[in-house]
Amino acid sequence: MSAYYYSGCPGNYEAHYLDACSLCRKSLHNSDIFMYRGNTPFCSKECRQEQMEMDEAREKNWKSGRSLRKSDAKKTVRTGTVAVA
């Protein structure tokens, strides 16, 4: 049985965020809950670890892409003719 909470709109009730694992959507009713980053629930250490690894990979890709863009911005290309008198 899922718990529902009032979302603030008349007649609009939504499932509580602790009802299901954030990764595999398995029910968390009457089971241990493994939290990550404060408010993200998981059904097992394995699901939580998988999410942590995906986040680390995403952050690493973002940071490496960002540093590439910084190095590209530092490059200057000069074209054209220069006249010396």
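What you see is a predicted model; the values in this text were computed from it and never measured.
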Closest non-hydrogen atoms of E59 and R37, given as atom of the first, atom of the second and distance, are OE2-NH2, 2.7 Å
As an exercise, state the distance from CG of L23 to CZ of F42, rounded to the nearest 0.5 Å. 6.0 Å
Taking N61's backbone N and O only, do any of them form a donor-acceptor pair with S64's side chain (distance below 3.5 Å, no angle check)? yes
Passes side chain to side chain contact (heavy atoms under 4.5 Å, CB included), H29 versus L18? Steps please. CA-CA 8 Å; H29 187 67; L18 290 176; over 6 Å; no
Enter the distance from M52:CE to Q49:CD here, rounded to the nearest 0.5 Å. 5.0 Å
Here's a test for you: under side chain to side chain contact (heavy atoms under 4.5 Å, CB included), which of S31, S27, C24 qualifies with C43? C24
Within one Ile-Leu-Val-Met-Phe-Trp-Tyr cluster: F34 and L28, side-chain cutoff 4.5 Å: no
Counting distance only, does the side-chain N/O of R58 pair as donor-acceptor with the main-chain N or O of M54 below 3.5 Å? no
Can you tell me how far apart CG (D55) and NZ (K60) are? Round to the nearest 0.5 Å. 13.5 Å
To the nearest 0.5 Å, what is the distance between NZ (K26) and SG (C47)? 8.0 Å
Once rounded to the nearest 0.5 Å, what's the spacing between atom OG1 of T40 and atom CD1 of I33? 12.0 Å
May I ask you to decide if P41's main-chain N or O and S22's side chain share a donor-acceptor pair within less than 3.5 Å? yes
